[in-house]
Amino acid sequence: MGVQSKTDEVQAELLTTIQAARLAGVSERTMWSWSRSGLAPAPLKIGHGLRPAVRFRKSELLSWIAAGCPRVEATRTR
């Protein structure tokens, strides 16, 4: 597998907040609210500083939706 196909694979797995919200069928604001309160999977922070990139794992969201959107009990980092 080449570098480009690996990059494409990662980009397909990591969703922006807008993409994650569309997948869940809610607004971007609702997605943020749910993920902060533990109602939805938390995003990943990529990078450092005041505004790191934030991405949601597509596979995690699909599993969460398939399970009926249960409350997420994962440890949260802020």
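Here the structure is a predicted model, which is why all the values come from computation and not from measurement. Numbering of residues begins at 1 and proceeds along the displayed sequence.
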Using the side chain to side chain contact (heavy atoms under 4.5 Å, CB included) rule, take F56 and S35 through it: C-alpha gap first, then chi angles, then the decisive distance, then the call. CA-CA 10 Å; F56 289 82; S35 66; 4.0 Å; yes

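- Note: R55 CZ to L44 CG = 10.0 Å, rounded to the nearest 0.5 Å.
- In terms of the side-chain hydrogen bond (donor to acceptor under 3.5 Å, both in side chains) criterion, residue partners of T16 (sequence neighbours excluded) are, by chain and number, Q19.
- For A24 against M31, the heavy-atom pair with the smallest separation is CB-SD, 4.1 Å.
- Pairs engaging residues 60-70 under the side chain to side chain donor-acceptor pair (under 3.5 Å) rule: R57-E60 [sequence neighbours left out].
- For R29, the side chain to side chain contact (heavy atoms under 4.5 Å, CB included) partners two or more places apart in sequence, or in a different chain, are S27.
- Taking Ile, Leu, Val, Met, Phe, Trp and Tyr as members and joining any whose side-chain heavy atoms lie under 4.5 Å apart, directly or through other members, the hydrophobic cluster of W32 also contains V54.
- The side chain to side chain contact (heavy atoms under 4.5 Å, CB included) search around L23 returns L15, K58, L61, L62, I65, not counting sequence neighbours.
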